[in-house]
There are 2 protein chains.
Amino acid sequence: MVVEKLSETELDRLFQAFADSTRRDIVRRVTVGEYSVSGLAALYAMSFAAVQKHVAVLERASLVTKEKRGRGQIVRGNHEGLQKARRLLDEYEHIWRQRAVRIAGILAED
Amino acid sequence: MVVEKLSETELDRLFQAFADSTRRDIVRRVTVGEYSVSGLAALYAMSFAAVQKHVAVLERASLVTKEKRGRGQIVRGNHEGLQKARRLLDEYEHIWRQRAVRIAGILAED
DNA sequence: ATAACGTGCAACCAAATGGTTGTAGAAAAG
DNA sequence: CTTTTCTACAACCATTTGGTTGCACGTTAT
C-alpha cells in the first residue's frame with residue numbers, strides 16, 4: 001500500500017479549512033448535492049464575495065472542486081481531501097492505542 | 001450510546017488547533033510521553049513564550065491538559081478532544097457514503 | 001540568602017483572516 | 001443590442017494569529 005505522504009502545509013490548509021462553521025456547512029451541503037457559488041451564497045447571512053472566499057479556501061485545501069457549467073460554476077465535494085484529514089486523525093488514534101497497550105504491558109510486569 | 005453534541009465554536013477551536021504543524025507535533029509528542037512546557041520549548045526553533053501560547057491553544061481546544069508538578073507543569077494528551085474531531089470527520093464520511101449508495105440506487109433504476 | 005529555573009502574562013509587531021463594497025467581464029435572457 | 005445574472009478580483013478595514021521581548025513570581029538548588 002502506498003501511504004501517500006501529506007505535506008505539512010497541505011495539512012495546515014486542510015484543518016484551517018475545517019476551522020470555520022460556514023465552511024463546514026458548505027462541505028456538508030456540496031457533499032450531498034450540487035450547488036453553484038451563488039446558490040451557496042443565498043444560504044448565508046453574508047455577502048456573495050464572503051462566500052466566494054470561503055469556497056476558495058475549501059478549494060485550496062482540496063476539499064471541493066469547481067467546474068464551469070454555462071454561465072455559472074458548480075461546486076462539488078472532493079472525497080480525497082476529506083480522507084486525508086481522516087487519515088491523519090486515525091494515525092494519532094493509532095499512536096494513542098499503542099501507548100495504551102505499552103502502559104498496560106508495563107503495569108503487567110509487576 | 002450518548003452522542004454528545006459538539007458546539008460549533010468547540011469545533012472551530014479543535015480544527016484551528018490542528019491547523020499548525022508545531023501544534024500537531026506537540027500533540028503527537030505528549031500523546032506518546034510526558035513533557036514539561038519548557039521541555040517542549042527546547043524542541044523548537046522559537047521562543048519559550050511562543051510554545052507556551054501553542055500549548056494554551058491546544059488546552060483551550062481540549063486536546064491537552066496541564067498539571068502542576070513541582071516547579072514545572074507537565075503537559076499530557078487528552079484523548080477525548082481527538083475523538084471529537086475524528087467523530088465529525090466520520091460523520092462527513094458517512095454522509096458521503098450514503099450519497100454514493102443513493103447515486104448507485106438511481107443508476108440501478110434503469 | 002542568593003542564584004537559577006520554569007512559568008505566566010503583558011505589550012508589541014507583522015501577517016493572515018473574515019468580512020465589506022465596488023468594479024469588470026462572460027454568458028444567458030429580454 | 002441591452003439587460004440581467006453569475007462570477008472574479010481588488011481595495012479596504014477590524015480582528016485574530018503567531019511570533020517577539022521583557023518582567024514578575026513561585027520553586028528548587030547552591
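Convention: sequence-line order gives letters A, B, ...; per-chain numbering from 1. Since we're looking at a predicted model, the values are computed, not measured.
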Distance check needed: [N] [atom2] versus [X] [atom1], whole Å only.
| X | N | atom1 | atom2 | result |
| --- | --- | --- | --- | --- |
| B/I74 | C/dC5 | CD1 | P | 21 Å |
| B/D20 | C/dA16 | CG | C1' | 13 Å |
| B/L58 | D/dG18 | CG | P | 11 Å |
| B/R69 | D/dG26 | CZ | C1' | 18 Å |
| A/Y44 | C/dG18 | OH | C1' | 15 Å |
| A/I26 | C/dG18 | CD1 | P | 12 Å |
| A/E67 | D/dC6 | CD | C1' | 16 Å |

[X] side chain N/O closer than 4.0 Å to the phosphate oxygens (OP1, OP2) of [N]?
| X | N | value |
| --- | --- | --- |
| B/S36 | C/dG6 | no |
| A/S47 | C/dG19 | no |
| A/H54 | C/dT17 | no |
| B/S38 | C/dT7 | yes |

Would a 4.5 Å heavy-atom cut-off, applied to side chains only, mark [X] and [Y] as touching?
| X | Y | value |
| --- | --- | --- |
| A/Q73 | A/Q52 | no |
| A/V30 | A/R76 | no |
| B/K84 | B/L88 | no |
| A/L82 | A/N78 | no |

Any sub-3.5 Å donor-acceptor pair from [X]'s side-chain atoms to [Y]'s backbone N or O?
| X | Y | value |
| --- | --- | --- |
| B/R28 | A/I95 | no |
| B/R86 | A/L89 | no |
| B/R69 | B/S36 | no |

Quick one: which protein N/O atoms are closer than 3.5 Å to N/O atoms of nucleotides 2-5 of chain D? Pair and distance per line, please.
residue, atom, partner, partner atom, Å
D/dT5, O4', A/R71, NH1, 3.1

Can a salt bridge be assigned to the pair A/R24 and B/E91 using a cut-off of 4.0 Å between side-chain N and carboxylate O?
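Answer for the salt bridge query: no.
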Could you tell me whether B/T22 contacts a base, only the sugar-phosphate backbone, or nothing, with contacts defined as non-hydrogen atoms closer than 4.0 Å?
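If one applies the 4.0 Å heavy-atom cut-off, B/T22 turns out to touch nothing in the nucleic acid.
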For DNA chain C, whose closest nucleotide is more 5', that of A/M46 or that of A/G72?
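First, find each residue's nearest nucleotide; the 5'-ward one identifies A/M46.
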Just wondering, more than 12 heavy atoms not from A/R60 lying within 6.0 Å of its CZ?
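It does not: A/R60 CZ has 12 such atoms or fewer within range.
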For B/V51 against B/A41, the heavy-atom pair lying closest together:
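Scanning both residues, the minimum pair turns out to be CG2-CA, 3.7 Å.
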Looking only at non-hydrogen atoms, find the nearest pair between A/L40 and A/I26 and report the distance.
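Looks like CD1-CG2, 3.9 Å.
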What verdict does the salt bridge (charged side-chain N to carboxylate O under 4.0 Å, His left out) test give for A/D90 and A/R87, after you've listed the backbone C-alpha separation in whole Å, the side-chain angles of each residue and the deciding distance to 0.1 Å?
CA-CA 5 Å; A/D90 281 343; A/R87 205 181 304 154; over 6 Å; no
Polar atoms only, N or O, under 3.5 Å: list the protein pairs with nucleotides 8-17 of chain D and their distances.
residue, atom, partner, partner atom, Å
D/dA8, OP1, A/K66, NZ, 3.3
D/dA8, OP1, A/Q73, NE2, 2.2
D/dA8, N7, A/Q52, OE1, 3.3
D/dA8, N7, A/Q52, NE2, 3.4

Of all the base pairs, Watson-Crick or G-U under 3.5 Å, which form stems of three or more consecutive pairs involving DNA chain D?
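For DNA chain D the paired stretches long enough to count as stems (3 pairs minimum) are C:1-30 with D:1-30.
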